[in-house]
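Mind having a look at this structure? Questions to follow.
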Number of protein chains: 2
Amino acid sequence: MNNDTNCDVGFTSDNIYETKCPLIYALEIIGKKWKLPIMWYLFENEFTRYNELKRKVKGITSMMLTKALKELEEHNLIVRIQYEAIPPKVEYALTERGKALLPALNELSKWGGEQLKLDRLKSSCE
Amino acid sequence: MNNDTNCDVGFTSDNIYETKCPLIYALEIIGKKWKLPIMWYLFENEFTRYNELKRKVKGITSMMLTKALKELEEHNLIVRIQYEAIPPKVEYALTERGKALLPALNELSKWGGEQLKLDRLKSSCE
DNA sequence: CTGGATCCGTCATGATACTG
DNA sequence: CAGTATCATGACGGATCCAG
């Protein structure tokens, strides 16, 4: 499993671009809170406006939404489309890079679903 | 993408077993720091002792190692094998459940590798 | 409508020292 | 050898208010 890529799993480097394990790197990008819920919604609804995201991603605040969107944009997983209008109108959409995550997320989701059942089973026996 | 499984992405529930998205659930289990490095090492070295893990997973402390191992064991991703001997001997190994993560991690790692290249490229142009 | 700024509590992480 | 216990801290997340 990618053991040939010098995978420094010790988090000792401050430079995210040095000696990074691609797996850890992926998790750092998408693993933070709200990232996946946002992307998930964009998977199903291309071109979504800021406030719609805020309404649909339950519980998120403006601050966290803004921050998450900015980070996703910096990694080129989403694009920000700003219309010069009053009142302001901004839409967000996934890039091809963002969509490329789908297969990996599906695999992980499949595993998570099985795990969820097993853990439920275990907890009900205790 | 699993939209049929009631996927409450709002993190509003305190009960981890209620209305959970399997994808988020998976990330909660394996996304924490040190989890993957430990599992990664166990992928490549079945039956590893506590202190060997501590040496090989660079930078980890006893406390974090113990905690991570305990959580992984609670989710049945690893097993703890204790030998009744002086001095103590304990080995850890992946379960089938733990090994079942491999395909998903490979997909994610593949994506992360591509992303890493793109991000490097981008940063070198700035 | 689309954010930005600020304050603040909590929790994960880490350093250090200790134990059977 | 395989952990525990205690304390410190700093990032993260949430609430609230402000702005163009």
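Side-chain atoms are counted along with the backbone in the values below, which use heavy atoms only and exclude waters and symmetry mates.
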For this session: Rounded off to whole Å, could you give me the CD-to-P distance for the A:Glu73 and C:dT2 pair?
Result: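 Taking atom P of C:dT2 as the reference, CD of A:Glu73 is at 15 Å.
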
Exercise. Quick one: hydrophobic cluster around B:Val79, which other residues, with the 4.5 Å side-chain cut-off, linked directly or via members?
Worked result: B:Phe47, B:Ile81, B:Tyr83

Exercise. In whole angstroms, how far is the P atom of D:dG3 from the CD1 atom of B:Ile38?
Worked result: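 One finds 12 Å between P of D:dG3 and CD1 of B:Ile38, rounded.
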
Problem set entry | Nearest-Å distance for atom pair CD/P, residues B:Glu84 and D:dC1 | 17 Å

Exercise. How sharply is the helix from C:dC1-D:dG20 to C:dG20-D:dC1 bent, taking the axes over five pairs at either end and rounding to 10 degrees?
Worked result: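 End-to-end axis angle for the helix from C:dC1-D:dG20 to C:dG20-D:dC1: 50°, rounded to 10°.
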
For this session: Could you tell me which residues satisfy side chain to side chain donor-acceptor pair (under 3.5 Å) with A:Glu84, sequence neighbours excluded, listed by chain and number?
Result: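 Partners of A:Glu84 by the side chain to side chain donor-acceptor pair (under 3.5 Å) criterion come out as none, since no residue qualifies.
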
Seminar exercise, completed: Whole-Å distance, A:Tyr83 OH to C:dT2 P, equals 12 Å

Problem set entry | Main-chain N/O of A:Asn51 paired with A:Lys56 side-chain donor or acceptor, under 3.5 Å | no

Would you give me the side-chain donor-acceptor pairs under 3.5 Å for residues 95-104 of chain A, sequence neighbours excluded?
unit_1	atom_1	unit_2	atom_2	d
A:Thr95	OG1	A:Asn76	O	2.6
A:Thr95	OG1	A:Leu77	O	3.1
A:Thr95	OG1	A:Arg97	N	3.4
A:Thr95	OG1	A:Gly98	N	3.1
A:Arg97	NH1	B:Gln115	OE1	2.7
A:Arg97	NH2	B:Glu114	OE1	2.6

Exercise. Could you state the CG-C1' distance from A:Leu65 to C:dC1, rounded to the nearest angstrom?
Worked result: 13 Å

Problem set entry | A:Leu27: side-chain contact (heavy atoms from CB on, under 4.5 Å) partners, not counting sequence neighbours |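 By the side-chain contact (heavy atoms from CB on, under 4.5 Å) rule, A:Leu27 matches B:Leu27, B:Leu36, B:Leu108.
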
Problem set entry | Spacing between A:Ile81 atom CD1 and C:dC1 atom C1', to the nearest angstrom | 16 Å

Problem set entry | Per-nucleotide protein contact string for nucleotides 3-14 of chain C (B base, S sugar-phosphate only, - none; heavy atom under 4.0 Å) | BSBB------SB

Problem set entry | Shared-cluster residues of A:Ile86, by chain and number - hydrophobic side chains joined below 4.5 Å |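 Result for A:Ile86 is none, singleton.
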
Problem set entry | Members sharing B:Leu118's hydrophobic cluster (side chains within less than 4.5 Å) |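 Result for B:Leu118 is none, singleton.
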
Problem set entry | d(NZ, A:Lys58; P, D:dG14) in whole Å | 15 Å

For this session: Name all residues meeting the side chain to side chain donor-acceptor pair (under 3.5 Å) criterion together with B:Glu71; count only those two or more places apart in sequence or in a different chain, and write none if there are none.
Result: B:Lys35

Problem set entry | Distance below 4.0 Å between B:Arg49 side-chain N/O and D:dC1 OP1 or OP2 | no

Problem set entry | Sequence-distant partners of A:Glu52, side chain to side chain donor-acceptor pair (under 3.5 Å), two or more places apart |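 Once residues adjacent in sequence are excluded, the partners of A:Glu52 under the side chain to side chain donor-acceptor pair (under 3.5 Å) criterion are A:Tyr41.
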
Tabulate atom names and distances for all N/O pairs under 3.5 angstrom spanning the protein and nucleotides 18-20 of chain D.
none

For this session: Please check if any side-chain donor atom of B:Trp111 sits under 3.5 Å from a side-chain acceptor atom of B:Glu107, or the reverse.
Result: no

For this session: With sequence neighbours left out, write down each residue that passes side chain to side chain donor-acceptor pair (under 3.5 Å) with A:Thr61, or none if nothing qualifies.
Result: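 With sequence neighbours excluded, A:Thr61 shows a side chain to side chain donor-acceptor pair (under 3.5 Å) to no residue whatsoever.
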
For this session: Rounded off to whole Å, could you give me the CD1-to-C1' distance for the A:Ile86 and C:dC1 pair?
Result: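 For the pair A:Ile86 CD1 and C:dC1 C1', the rounded distance is 10 Å.
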
